[in-house]
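Working notes, beginning with the structure itself.
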Amino acid sequence: MIPFLMRQASMLTLLIGILACRPKDTIVNADGVTVSLRPIWQSSANEGAGSRLAYGVYTSVATLNAVVTPGVMPYPAKEPFGRAVWVMRDVTDGHALWQWKDYMTNFENGYLDIPCVSNNRLLYNNGPRTHCIDLNTGRTLWQKWKRDSLNSTVPIVALGDSYFFCGTFKSRTVKGQTQSAVFRGSLLAPTDEVLVAEPQLPEEYFGPLISPTGATSLQVYVQQADTLLVVDYQAVVSASQNIVKSAYSVYNMTRKTWAYKDVPLTAPGYAAVVDGLPRIFEGKVYHSVGRSMTCHDLATGKPIWENKYGGNFLFSGFLVMDNTVVANCEDGYIYGLSPQTGTQLWKEKSSGTSTRL
C-alpha cells in the first residue's frame with residue numbers, strides 16, 4: 001500500500017504548511033513508509049486579524065505556481081469576527097502575491113466554497129452574487145447581482161468562457177415548492193445567466209415534495225463534438241426524519257436533449273444528500289452522497305459499485321487522481337479506492353472534518 005500522504009507529498013505539504021499551527025517533522029513508520037512530511041513553509045490564515053475568525057472559508061485553489069488560500073481581515077474592528085478574503089501565495093515560500101478584499105461583510109457572505117478556475121480567472125458564486133477575479137493580479141474583473149431574484153447554490157463549474165451553476169427563481173415553483181435548475185453565464189462579462197436545463201423529478205419516484213427540490217450540483221464535459229452536463233438533483237420526502245432521495249441525469253447541451261434521466265444515486269435514507277461536485281474519470285462518474293461513494297458508467301448511467309461508510313463526506317469531499325479515488329470521511333479516515341471496482345487500496349487516519357480536497 002502507498003499512503004496518500006506519500007504519493008501526494010508536494011500538494012499536502014503545501015496545504016499543511018498553510019494551516020499548521022507549528023512545524024512538524026517528517027515521520028516514517030515501522031515499514032519505512034513516510035506518513036507525515038515537514039511543511040515547506042507555513043503561514044497564518046488570519047494575518048493582521050488577531051484571533052478573529054471568518055465564517056464560511058472552506059477551500060483552497062491550486063494553480064501551477066501558486067495557491068489561492070482562505071484568509072481573514074478584521075472587519076469591522078469592534079466585532080469578534082473577521083471578513084473573509086482570498087490570498088494568492090507563491091508555492092515556493094508562501095509569500096502573499098495579492099489579497100482579494102472585494103467581498104461582503106461577515107454577516108452577508110455565504111460560504112467561500114467550491115470556486116472554479118478557467119482561462120486564468122477565478123469565479124466564485126453564491127446566493128444572488130457572482131465574482132470574477134483575475135488570478136494574475138487579484139483584481140476584480142466584474143461582480144454582479146443575478147437577475148429576477150435568481151439565487152444560486154455554491155458548486156460552480158466552467159468550460160472555456162462559460163460557467164454553470166444550479167439556482168432557483170423565487171417565482172419558479174413546482175407544486176408550490178421552489179424548483180432548482182441549471183444556468184449558464186459568461187466569464188467574459190457580467191451578462192444575465194440563461195436557463196440551460198431543468199430536471200423534472202418524476203412524482204412516482206420521489207413522492208410528495210416537502211421541501212425545495214431540483215438540481216443541486218453538476219459537472220461539465222466534452223464528448224466528441226458535444227458538450228454535456230452531469231446534473232445531480234434531490235428531494236426531501238420526510239422532513240421530520242430527514243429522508244432524502246438523490247438522483248442524477250446527463251443533459252446534452254449541444255443537442256438540447258437528455259442523454260438519460262433519473263438514475264438513483266443511492267437508496268433513500270437519512271441525509272442522503274449529494275456532497276460537492278461529481279467527478280468524471282475514464283468514462284465513469286463518481287459521487288459522494290450521504291454516507292456512500294458511488295460509481296456509474298457515464299455513457300449509460302449503469303451502476304458499477306457503491307461503498308458505504310460510517311460517516312459522510314460533506315466537508316472534505318473527494319477527488320480522483322493517479323488512478324485512485326481519494327475520499328476524506330467524517331468517520332475519521334481518508335480512503336484510497338480503486339476507481340474501477342471501489343476496492344479499498346489503503347486507509348489512513350485523518351482529522352475527519354477538514355477543508356475540501
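The figures here come from the full heavy-atom set of this structure, side chains too, leaving out hydrogens, waters and symmetry mates.
Thr254 places a side-chain N or O within 3.5 Å of a backbone atom of Thr227 that can act as its donor or acceptor partner. Side chain of Asp322 to backbone of Thr324: no donor-acceptor contact under 3.5 angstrom is found. With hydrogens and angles disregarded, a donor-acceptor distance shorter than 3.5 Å links the side chain of Ser180 to the backbone of Ala215. Between the side chain of Arg121 and the backbone N or O of Leu187, at least one donor-acceptor pair lies under 3.5 Å.
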Decide yes or no on side chain to side chain donor-acceptor pair (under 3.5 Å) for Thr257 and Asn252, but give the supporting numbers first. CA-CA 5 Å; Thr257 184; Asn252 189 316; over 6 Å; no
Stepwise, does the side-chain contact (heavy atoms from CB on, under 4.5 Å) test hold for Lys308 with Arg291? CA-CA 6 Å; Lys308 295 186 179 297; Arg291 296 187 174 190; 5.8 Å; no
As a quick check of understanding, evaluate side-chain contact (heavy atoms from CB on, under 4.5 Å) for Tyr221 and Leu298, giving each step before the final call. CA-CA 11 Å; Tyr221 66 102; Leu298 184 60; 3.7 Å; yes
Test side chain to side chain donor-acceptor pair (under 3.5 Å) applied to Tyr163 and Ser118, step by step: CA-CA 9 Å; Tyr163 64 90; Ser118 183; over 6 Å; no
side-chain contact (heavy atoms from CB on, under 4.5 Å) for Val231 and Gln219? Distances and angles first, verdict last. CA-CA 7 Å; Val231 182; Gln219 191 57 265; over 6 Å; no
Trp41 vs His95, test: ring-ring contact (aromatic ring centres under 6.0 Å, His included). Steps then yes/no. CA-CA 9 Å; Trp41 51 264; His95 79 271; 9.3 Å; no
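Using a cut-off of 4.0 Å between Lys/Arg side-chain N and Asp/Glu carboxylate O, Asp297 and Lys284 are scored as not salt-bridged.
Glu193 has its side chain within reach of Phe165: a pair of non-hydrogen atoms, C-beta onward, lies under 4.5 Å apart. Residues Val274 and Leu265 form a side-chain contact, since some pair of their non-hydrogen atoms from C-beta on lies under 4.5 Å apart. Using a 4.5 Å heavy-atom cutoff, the side chains of Cys116 and Val157 are not in contact. Contact annotation: the side chain of Leu218 never approaches that of Pro278 to less than 4.5 Å [non-hydrogen atoms, C-beta and beyond]. For the pair Val68/Val117, no side-chain contact is recorded, criterion being any heavy-atom separation below 4.5 Å from C-beta on. Two residues are said to be in side-chain contact when any heavy atoms from C-beta on lie closer than 4.5 Å; Leu228 and Val222 fail this criterion. Residues Arg279 and Val285 are not in side-chain contact: their nearest non-hydrogen atoms beyond the backbone lie 4.5 Å or more apart. Counting heavy atoms from C-beta on, the side chains of Met253 and Leu229 come closer than 4.5 Å.
Defined by atom type and a distance below 3.5 Å, a donor-acceptor pair is missing between the side-chain atoms of Trp98 and Thr137. In this model, no donor atom of one side chain and acceptor atom of the other lie less than 3.5 Å apart for Asn65 and Asp90. In this model, a donor atom of one side chain and an acceptor atom of the other lie less than 3.5 Å apart for Glu306 and Ser292. No donor-acceptor contact under 3.5 angstrom links the side chains of Asn307 and Gln344, judged on distance only. One side chain, Thr341 or Thr343, offers a donor N or O that lies under 3.5 Å from an acceptor on the other.
Between Pro115 and Leu122, the closest heavy-atom pair is CB-CD2, 4.1 Å. Contact detail for Leu123 and His131: the closest heavy-atom pair is CD1-O, 3.2 Å. Annotation for Pro190 and Trp142: closest pair CB-CE3, 3.6 Å, computed over non-hydrogen atoms. Summarising the geometry of Asp262 relative to Ser249, their closest heavy-atom pair is N-OG, 2.9 Å, with the distance given to 0.1 Å. When all heavy atoms of Arg255 and Asp226 are compared, the pair lying nearest together is NE-OD2, 2.6 Å.
With values rounded to the nearest 0.5 angstrom, Leu319 atom CG is found 11.5 Å from Leu277 atom CG. Asn328 CG to Ile334 CD1: the interatomic distance, rounded to the nearest 0.5 Å, is 4.5 Å. Residue Thr130 holds its OG1 atom at 9.5 Å from OH of Tyr124, rounded to the nearest 0.5 Å. Thr266 OG1 to Gln234 CD: the interatomic distance, rounded to the nearest 0.5 Å, is 12.5 Å. Here the CG-CG distance, from Asn119 to Leu188, works out to 8.0 Å after rounding to the nearest 0.5 Å. Note that OH of Tyr233 is 13.5 Å distant from OG of Ser217, once rounded to the nearest 0.5 Å.
Among residues two or more places apart in sequence or in another chain, the ring-ring contact (aromatic ring centres under 6.0 Å, His included) test is passed with Tyr248 by Tyr260, His287, His296.
Taking hydrophobic clusters as Ile, Leu, Val, Met, Phe, Trp and Tyr residues chained together by side-chain heavy-atom distances below 4.5 Å, Leu195 shares a cluster with Ile156.
Heavy atoms from other residues, nucleotides or ligands lying under 6.0 Å from NZ of Lys349 number more than 12.
Summarising the hydrophobic clusters (Ile, Leu, Val, Met, Phe, Trp, Tyr; side-chain heavy atoms under 4.5 Å, direct or chained), the residues clustered with Phe313 are Phe281, Tyr286, Met293, Ile304, Trp305, Tyr309, Phe318, Val320, Val325, Tyr333, Tyr335, Leu337.
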